[in-house]
Amino acid sequence: MQWDRGQKRDEDRIIIHFDYDAFYASVVENENPALKSVPLAIQQKQIVVTCNYEARRRGLRKLQLITEAKRVCPEAVIVLGEDLTRFRNASKDLCSFLRERMWSGRLERLGFDEVWLDCTDMIEFNHALLNKNDLERSFFCTDKDDPTCGFEYDARTVFGPTYPQYAASEGVLNEDDRRLQLRLLLGSHFARYLRHELESQKGYTATVGIATNKTLSKLVGNVNKPKNQTTLMPPLVDNNGKEGTIHQFMDAHDIGKVPGIGFKLAQKIRAHVLGRDADHEEGLVYGGTREHVTVRDVRLHATIGPDKLEEILSGPGSQKGIGGRIWDLLNGYDETEVSKVKRVPSQISQEDSYMKYLHTFEQVRQQLFLLAERLIRRMHLDTMEDDEEAGSDSTTTRRWLAHPRTLRLTTRPRPPLNADGTRVRSFNRISHSAPMPNFVFSLTEAPSVLADKLVDSTLTPMFRKLHPERNGWNLSLVNIAATNMAETAADSKDSEGRDIGRMFRRQEDVLKDFKVVESEDTAPLEGIDEIDAQLGLAEKSTMQGSDNVDDEGDWLDEEQAEVGQVYDCRTCGQRMPLFAADAHIRFHTT
DNA sequence: AGGTATCCG
DNA sequence: CGCTCGGATACCT
């Protein structure tokens, strides 16, 4: 029975959720510590995207107009933060820092400033280590291979605030709950340790939640902000007619505050709980009309259950099983795993928004160029790594971990302001995609040169397709994205990754003599058409070679044959069968 | 695969 | 609610 979903739980995990306090502002403060004591706001276009707590004390808010912010707090220091590079780098750095302290690779980022950690294994280990006769002087081991590495703590009490504020005394808990309470207690001390490490070594404070799943850990952290932590304590579930802490905690939330219930879903649920006529009688002023719908209102609603939610929420485009998933969330039930950190993002994009519209095509072209150049630089930073075994020679070799196979151009036409009230069919953004041309993966040409080519060869035609009108566009946003990442070698997701990586590296050993050395006498590549034509030729020779291999059979050894005989050109990114590689390399070097 | 919607920060 | 500048995932064709 679906209603029981919420009562039958896995309580085996210990999940910690980190939310760095006022992240963008903290990054700027760490670059310039003098700013720590003054009200500081980060500006993007005409908006304060975030501000430090000193600024909040003086009335500044997230997503406030700059004009209003200056009026409320003229003395605030305002720093432009449209270029996200420093924030992205800081986010990655903190992520690595935390990951180094984790035994499982389970660390998941959400945005730039939130991270989930699955600490179950570390808690399990240290739970087993406890001496129940001397809890006061316990030692939390943070390194599996070094028992002296870690910190002392008092395992008689939870560290920091809890929800509910006063935890149940042990006597009222059953055996399972006592065990869970102890494990959460260990989690609270580990969270304190990590927060302390983060602050002392990296200069960042965070708001932290400790619970048994992702949703609960994220929400419970908010109970004490900033620079603090909160642990959700047992008894978690209802028992003997007594309400568990999960329902107690979740019930008070507005439905829209539950992660996973966004604007659209919340609207649909509210409409149903408040009555269908609420929409209809919008014109009437109802003094007593209730605006907020809480989790409790929905959960205890006479007719609402997972099936009813499915009915309410399903429609064109809605996910299958949405009703059951939302019902689970309302019950604080969330089995989604903390995913392992990915080495390569699945998408990279660059965008800019424009207050005044782009008049001429030259202006559009200029913007496309700027975005393309930034995108190509990002592709280098985010999807390449230094080759480990470049050792012998002094040239540093870089290799692509993944190639984006698709290029997407997105624009947002500004809704025309019509005096006569005629309405524009509005979907906010429109986009067009095309295959990513291979030349952008060149390591020998400058990003600016490649960006220029990309604009001429691909982005301009894409823009023409998106906006067939010759001129007169009124765009408020342009975005270009590299998507559809195809991994070239090792992959981090499963244990196979390393093996595959090793096998590919063996192929590279075979090809070592043909490795392209970046040099001045590399012939300048002249035009896309010419490159495409030559790559076309390379493909043809591949086909012929393929026949030969099939005929000869023993051209390659078996191990290589198993891998699939793929070679990724480090210069242009072209993927080809291994036997075509040396001809291809000659194409680049002659 | 391309295009759109809905989530998240 | 959208403003920002990203990002992930799912559905639809």
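Reminder, nothing fancy here: chain letters follow the sequence lines and each chain counts from 1.
- dG6(C) atom P lies 11 Å from atom CZ of Arg429(A), rounded to whole Å.
- Within the 4.0 angstrom heavy-atom criterion, only backbone atoms of the sugar-phosphate kind lie near Ile261(A); the bases stay farther away.
- The nearest whole Å value for the distance from the CD1 atom in Ile348(A) to the P atom in dA8(C) is 9 Å.
- Residue Lys45(A) has a polar side-chain atom (N or O) positioned under 4.0 Å from OP1 or OP2 of dC5(C).
- Closest to the side chain of Ser433(A), from the set dC5(C), dA8(C), dG2(B), is dG2(B).
- When distances run from any side-chain atom of Arg412(A) to the nucleotides dT4(C), dG3(B), dG7(C), the shortest one goes to dT4(C).
- For the pairing with Met462(A), the side-chain contact (heavy atoms from CB on, under 4.5 Å) check across Val455(A), Ile480(A), Leu368(A), Leu409(A) returns one residue only, Leu409(A).
- The residue among Gln267(A) and Arg88(A) whose nearest nucleotide of DNA chain C lies closer to the 5′ end is Gln267(A).
- Salt bridge status for Asp456(A) with Arg365(A): present, with a side-chain N to carboxylate O gap under 4.0 Å.
- Classification of the His467(A)-Phe463(A) ring pair by plane angle, with boundaries at 30° and 60°, yields tilted.
- Heavy atoms of Ser349(A) sit under 4.0 angstrom from primed sugar atoms or phosphate atoms, though from no base atom.
- Considering only the side chain of Leu110(A), dG9(B) comes nearest among dG9(B), dC5(C), dT9(C).
- On the P atoms, dG3(B) is 24 Å away from dT4(C), given to the nearest whole Å.
- Pairs engaging residues 48-73 of chain A under the ring pair (Phe, Tyr, Trp, His ring centres under 6.0 Å) rule: none recorded [sequence neighbours left out].
- Contact annotation: Ser431(A) side-chain N/O to dT4(B) OP1/OP2 distance is under 4.0 Å.
- With distances taken from any side-chain atom of Lys264(A) to the nucleotides dG9(B), dC5(C), dC7(B), the minimum falls on dC7(B).
- When atom types are taken as modelled, the side chain of Asp118(A) and the backbone of Val338(A) share no donor-acceptor pair closer than 3.5 angstrom.
- Near DNA chain B, meaning a heavy atom under 4.0 Å from it, residues 217-225 of chain A has Lys218(A) in order of number.
- A close approach under 4.0 Å does occur between a side-chain nitrogen or oxygen of His432(A) and OP1 or OP2 of dG3(B).
- Contact annotation for Leu477(A): no contact, since no heavy-atom pair falls under 4.0 Å across all strands.
- When the options Thr207(A), Asp113(A), Asn228(A) are evaluated for a side-chain contact (heavy atoms from CB on, under 4.5 Å) with Asp21(A), the one that passes is Thr207(A).
- Residue contacts for Arg408(A): at a heavy-atom cut-off of 4.0 Å it reaches no nucleic acid atom on any strand shown.
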Could you run down the sub-3.5 Å N/O contacts of the protein with nucleotides 10-13 of chain C?
unit_1  : atom_1 : unit_2    : atom_2 : d
dC11(C) : OP1    : Lys320(A) : N      : 3.4

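- Look at CE on Met485(A): it is 13 Å from P on dT9(C), rounded to the nearest Å.
- A donor-acceptor contact closer than 3.5 angstrom links the side chains of Arg412(A) and Ser476(A).
- Within the nucleic acid shown, Val258(A) comes within 4.0 Å of sugar-phosphate atoms alone, with no base atom in reach, counting heavy atoms only.
- One can place CD1 of Ile78(A) at 17 Å from P of dT4(C), the figure rounded to the nearest angstrom.
- Between Thr406(A) and dG2(B) there is a side-chain N or O to OP1 or OP2 distance below 4.0 Å.
- When each of dG6(C), dC1(C), dC3(C) is scored by its nearest atom to the side-chain atoms of Phe263(A), the top-ranked nucleotide is dC1(C).
- Following rounding to the nearest Å, Leu409(A) (CG) and dT4(B) (P) show an atom-to-atom distance of 12 Å.
- Glu351(A) comes within 4.0 angstrom of a base, heavy atoms only.
- With Asp93(A) as the fixed residue, the salt bridge (Lys or Arg N to Asp or Glu O under 4.0 Å) test singles out one of Arg99(A), Lys202(A), Arg86(A): Lys202(A).
- Here dT9(C) is the nucleotide among dT9(C), dG6(C), dC5(C) with the atom lying nearest to any side-chain atom of Lys342(A).
- Of the candidate nucleotides dC7(B), dA8(C), dC3(C), dC3(C) has the atom nearest to the side chain of Leu63(A).
- Between the Glu114(A) side chain and the Phe18(A) main chain, no donor and acceptor come within less than 3.5 Å of each other.
- Atom name P, nucleotides dA5(B) and dG2(C): the rounded distance is 13 Å, in whole Å.
- Here Glu82(A) lies in heavy-atom contact (under 4.0 Å) with sugar-phosphate atoms only.
- Rounded to whole Å, the distance from NZ on Lys257(A) to C1' on dG9(B) is 15 Å.
- Rounded to an integer number of Å, the gap from CD1 of Ile47(A) to C1' of dC5(C) is 11 Å.
- An OP1 or OP2 oxygen of dG7(C) is reached within less than 4.0 angstrom by a side-chain nitrogen or oxygen of Arg378(A).
- The residue Gly260(A) sits close only to the backbone: its heavy atoms come under 4.0 Å of sugar-phosphate atoms, none of a base.
- Comparing dG6(C), dT4(C), dT9(C) by their closest approach to the side chain of Gln347(A) singles out dT9(C).
- Two rings, from Phe112(A) and Phe87(A), have their centers 6.0 Å or more apart.
- The Gln44(A) side chain lies nearest to dC5(C) when the options are dA8(C), dG2(B), dC5(C).
- At the phosphate of dG9(B), neither OP1 nor OP2 sits under 4.0 Å from any side-chain N or O atom of Arg109(A).
- The closest donor-acceptor contact from the side chain of Thr406(A) to the backbone of Pro435(A) lies at 3.5 Å or more, if one exists at all.
- For the residue pair Ser339(A) / Glu108(A), a side-chain donor-acceptor distance below 3.5 Å is found, with atom types taken as modelled.
- Distance CZ (Phe112(A)) to P (dT4(C)): 17 Å, rounded to an integer number of Å.
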